[in-house]
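See structure below.
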Amino acid sequence: MKHGKKMIAPVIITIIIVAYFLTVAVGLYFVEDAPLALKAVLILVPLALAGMMIGALYSRIKEIKGGEEDDLSKY
């Protein structure tokens, strides 16, 4: 794996943030006094954010494999 070391940081950060979002979603599931619709929204938002974070990681890995290690170079 030629670019393996450059993928470590994005993967670790993604794991930490996704774990946080999943913890928030599970925690909000146990809120007892909230109406079902509010509970659904409060759970779906962190899950959607976790999905977007995984999508950003996928995009970043493609950039690294494509030889663009420094994503700030295009700005």
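Atom CG of residue Leu57 and atom CD1 of residue Ile12 lie 11.5 Å apart, to the nearest 0.5 angstrom. To the nearest 0.5 Å, the span separating OG1 on Thr14 from CZ on Phe21 amounts to 10.5 Å. The distance from the CD1 atom of Ile17 to the CG atom of Leu22 is 12.0 Å, given to the nearest 0.5 Å. With rounding to the nearest 0.5 Å, the separation of NZ in Lys39 from CZ in Phe30 is 8.5 Å.
Judged purely by atom type and a 3.5 angstrom limit, Ser59 has no side-chain atom pairing as donor or acceptor with the backbone of Gly55.
Residues Met53 and Val26 fall within the same hydrophobic cluster, defined by Ile, Leu, Val, Met, Phe, Trp and Tyr side chains chained together at heavy-atom separations under 4.5 Å. Follow the hydrophobic side-chain contacts under 4.5 Å out from Leu38 and you reach Val24 in the same cluster. At a threshold of 4.5 Å between side-chain heavy atoms, the hydrophobic network of Ile, Leu, Val, Met, Phe, Trp and Tyr places Met52 and Ile61 in two separate groups. Each of Ile54 and Ile64 belongs to its own hydrophobic cluster when Ile, Leu, Val, Met, Phe, Trp and Tyr are linked at side-chain heavy-atom distances under 4.5 angstrom.
Contacts of Leu36 classified as side chain to side chain contact (heavy atoms under 4.5 Å, CB included), with partners at least two apart in sequence or in another chain: none. Residues satisfying the side chain to side chain contact (heavy atoms under 4.5 Å, CB included) criterion with Val45, sequence neighbours excluded, are Val41, Leu49. Residues satisfying the side chain to side chain contact (heavy atoms under 4.5 Å, CB included) test with Ile15, not counting sequence neighbours, are Val11.
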Yes or no on side chain to side chain contact (heavy atoms under 4.5 Å, CB included) for Met7 and Lys65, after CA distance, side-chain angles and deciding distance? CA-CA 9 Å; Met7 289 187 216; Lys65 286 184 178 179; 3.6 Å; yes
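Taking every heavy atom of both residues into account, Leu28 and Pro46 meet most closely at CD1-CG, 4.5 Å. Of all heavy-atom pairs between Ala25 and Ile43, the closest is O-CG1, 3.7 Å.
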